[in-house]
2 protein chains.
Amino acid sequence: MTTNQPDIRQQIVEAAEQRFRHYGYRKTTMAEIAGDLGMSAANLYRYFSNKEDIGAACVECCFKEMELILREVVEKQGLSAEQKLRQFTLTNLDYIYNEAINNPKINELNEMFINERAELLHKKKQVIQSLIAEILAEGNRTGEFRVDDLLKTSESIAAATVAFRFPLFMTLFSKEKFEQLANDVIGLLIQGLARRD
Amino acid sequence: MTTNQPDIRQQIVEAAEQRFRHYGYRKTTMAEIAGDLGMSAANLYRYFSNKEDIGAACVECCFKEMELILREVVEKQGLSAEQKLRQFTLTNLDYIYNEAINNPKINELNEMFINERAELLHKKKQVIQSLIAEILAEGNRTGEFRVDDLLKTSESIAAATVAFRFPLFMTLFSKEKFEQLANDVIGLLIQGLARRD
DNA sequence: ATAATGAATATTCAATAGAATATTCATTAT
DNA sequence: ATAATGAATATTCTATTGAATATTCATTAT
C-alpha cells in the first residue's frame, strides 16, 4: 500500500461490498474483487494492506450510509427536538432491523469487525453521539430542553438507546414491540421519573 | 432423565460449575463431572438430558447469585428510591465487569448460552425488570417518583441500562468511566431533559 | 517516478480419518 | 419400584494433509 488514490480505493470498496453482500466476506477472494475491476489481486495491495482492511472499509462505508439517513432526520425542517430524538431513534432501529433481515451477509460482516476492531465501535459511537448533540443543541435553542452539558448528555442518551442499535437484542421482541419500547425510553429520557409540582 | 431429586441435581450443577470455571465448558467432560461426584457419566443422564442442559443450569445458577446481590440493594434500608436505582445499576455493572475479568471461562459460558437460548435472555430480563419495578413502586410510595405504569416504565429503564449489563460494551471504556456514564444515565432517567418552570 | 503484473511463498480452508467424548440401553444393585 | 453401572453406539473434537487463497516481491509498463 504505497498510493492513496481515493478514487480507486473507493472502487475497490464498492466492488468488495457487492461480493460480500452476495457471497459473504470469507467466500469472497481477493482475485474476484480484483477481477471485477479488471486488475490483478496483487495490485489491491497498493491500495489496502490486506483483505481485513478492505472489510473494515466496507463496514465504515455501510455506516456512512446510515449516518446520511440519520443526518437527514437531524436536519429535517418542522420537527421539534423531541420529535427529532424520537424519529432519530426509530429510524436507527428500523434501519438495523431491516439490514439484519435483508442483508444478513453484510450484517455478519459488520458484527465480525465490530467485535474485533474496537476503533470501529468507537467511531460509530462518536458519530451517533454528535448527531444526538445536534438535536439537543437545537432543543436548547428553541427552549424545549435545558441541557447544560451537551457532551455528557448526548453520551448518556447514546448509551441509553444502545439496545435499539444492536442486532443482538433484536431477537428479544418483534419490531413493533421494539418501536414501542424505543418510544417509551425516549419519553422517559425527556420527562424523567421525578415528581414535578 | 427420569428423576427429580433436586439435591443431586444441585450437586451436579455445582461440580460442573467448578470444572467449567477452571477448564471451560468444552474442555470439561461428562466423565469428569460424574467422577467428581463419585458416579458414572451415564448416571448424569438420570438428572439432565444432556451436557447442554447442565451448562444452561449453570448459567441460571450464576444469574441467581447475581440476583441475590441485586435484591440486597433493593431491600436495603435507609436508601431513597433514586439511590437504590443508582446503586442497583452500579452494582450490576460492577458485578459484570469483575466477572468478565475474574471468571473469563464462566463469562464465556454465559455468553455462549445467552446467544443460543433466547429463553435465558428473556428470563434474565424479566428478573431485572421486576427488581426495577420494586424500586419504582417504593419511589411512588415515598412520593419521590410519580410512575403510573410500573410495568412499562421498568421495562424502559431495563432497556435504557442494558449497556451496563453486557460484557460486549465493557471494552469501550474503563470501569470508572463506565460508572460515571451509568450515573449520568440514571440522572437523566430520573430528571429528564425537558425544561421545568 | 507510479501503476501494475505474474510467479513465488505464506497462510488459511476443507476434507478426512482416528481418537475422544456424549449419549443410550440392557443389566445389576438397592 | 428407583438408582446406578459398564458396555455399545453416536457424535463431536483434533490432527493431518492437500488444495485454495492471501500476501510478497522482483520485474515490466507507463
Side-chain angles (χ1 to χ4, degrees), chain A residues 1-60 104-105 108-109 111-113 115-117, chain B residues 1-60 104-105 108-109 111-113 115-117:
Chain A
M1 190 183 47
T2 41
T3 188
N4 226 30
Q5 276 198 284
D7 204 43
I8 295 183
R9 273 180 68 95
Q10 188 53 33
Q11 274 178 263
I12 292 172
V13 171
E14 279 164 23
E17 194 189 321
Q18 290 309 325
R19 288 274 172 186
F20 294 158
R21 184 183 307 280
H22 288 302
Y23 309 107
Y25 175 76
R26 285 162 195 223
K27 292 273 175 70
T28 295
T29 70
M30 294 294 269
E32 285 166 345
I33 298 169
D36 291 347
L37 296 167
M39 60 172 69
S40 69
N43 200 39
L44 292 176
Y45 292 86
R46 288 183 50 75
Y47 302 95
F48 290 93
S49 56
N50 51 44
K51 187 181 174 183
E52 270 200 15
D53 278 8
I54 296 180
C58 273
V59 171
E60 275 204 84
K105 296 272 168 60
E108 195 193 345
L109 180 75
E111 300 229 26
M112 238 168 77
F113 279 89
N115 281 329
E116 300 310 313
R117 304 202 169 193
Chain B
M1 190 184 42
T2 42
T3 189
N4 226 30
Q5 276 198 283
D7 204 43
I8 295 183
R9 273 181 66 95
Q10 188 53 32
Q11 275 177 260
I12 292 171
V13 171
E14 279 164 24
E17 194 189 320
Q18 290 309 327
R19 287 273 172 186
F20 294 158
R21 184 182 308 281
H22 288 302
Y23 309 108
Y25 176 77
R26 286 163 194 219
K27 292 271 177 72
T28 296
T29 70
M30 295 294 270
E32 285 165 345
I33 298 169
D36 291 346
L37 297 165
M39 61 172 68
S40 69
N43 200 39
L44 291 176
Y45 291 87
R46 289 183 49 74
Y47 302 95
F48 289 93
S49 55
N50 51 45
K51 187 181 174 184
E52 270 201 14
D53 278 9
I54 297 180
C58 274
V59 171
E60 275 203 85
K105 297 271 168 62
E108 194 193 345
L109 181 75
E111 299 228 29
M112 235 169 78
F113 279 88
N115 281 330
E116 300 310 313
R117 304 201 170 193

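Since we're looking at a predicted model, the values are computed, not measured. Residue numbers begin at 1 in each chain, while the letters A, B, ... track the order of the sequences.
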K.L.:
Could you tell me how far apart A/Y23 (OH) and C/dC13 (P) are, to the nearest whole angstrom?
P.N.:
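Atom-to-atom, A/Y23 to C/dC13, this comes out as 20 Å.
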
K.L.:
What integer distance in Å separates A/Y47:OH from C/dT2:P?
P.N.:
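Rounding to the nearest Å, OH of A/Y47 and P of C/dT2 are 12 Å apart.
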
K.L.:
Applying side chain to side chain contact (heavy atoms under 4.5 Å, CB included), can you list everything that pairs with A/Q18, at least two apart in sequence or on another chain?
P.N.:
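Partners of A/Q18 under the side chain to side chain contact (heavy atoms under 4.5 Å, CB included) test: A/R21, A/H22.
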
K.L.:
Could you list the residues that satisfy side chain to side chain donor-acceptor pair (under 3.5 Å) with B/D36, not counting sequence neighbours?
P.N.:
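Side chain to side chain donor-acceptor pair (under 3.5 Å) check on B/D36 returns B/R19.
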
K.L.:
Only counting residues at least two apart or in another chain, list the ones meeting side chain to side chain contact (heavy atoms under 4.5 Å, CB included) with B/E111.
P.N.:
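By the side chain to side chain contact (heavy atoms under 4.5 Å, CB included) rule, B/E111 matches B/N107, B/P167.
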
K.L.:
Across nucleotides 21-30 of chain C, 5' to 3', mark each nucleotide with B, S or - according to how protein heavy atoms within less than 4.0 Å reach it.
P.N.:
SSBBB-----

K.L.:
Mind checking what makes side chain to side chain contact (heavy atoms under 4.5 Å, CB included) contact with A/N50, not counting sequence neighbours?
P.N.:
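Checked A/N50 against side chain to side chain contact (heavy atoms under 4.5 Å, CB included); matches are A/E52, A/D53.
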
K.L.:
Using the test side chain to side chain donor-acceptor pair (under 3.5 Å), find all partners of A/R26 that sit at least two apart in sequence or belong to another chain.
P.N.:
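With neighbours one apart ignored, the set is empty.
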
K.L.:
Tell me, please, which residues at least two apart from A/F113 pass ring pair (Phe, Tyr, Trp, His ring centres under 6.0 Å).
P.N.:
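If we apply the ring pair (Phe, Tyr, Trp, His ring centres under 6.0 Å) test to A/F113, skipping adjacent residues, the hits are A/Y25.
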
K.L.:
Represent DNA chain C in dot-bracket notation, 5' to 3'. Only Watson-Crick or G-U wobble pairs with both distances under 3.5 Å count; pseudoknot-style crossings use [ ] and interstrand partners use |.
P.N.:
||||||||||||||||||||||||||||||

K.L.:
Please tell me if the side chains of A/I54 and A/M30 come closer than 4.5 Å, counting only heavy atoms from C-beta onward.
P.N.:
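With C-beta onward as the side chain, the pair touches.
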
K.L.:
To the nearest Å, how far apart are A/I8 CD1 and C/dA3 P?
P.N.:
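My rounded result for the distance is 7 Å.
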
K.L.:
With sequence neighbours left out, write down each residue that passes side chain to side chain contact (heavy atoms under 4.5 Å, CB included) with A/A42, or none if nothing qualifies.
P.N.:
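Side chain to side chain contact (heavy atoms under 4.5 Å, CB included) check on A/A42 returns A/S40.
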
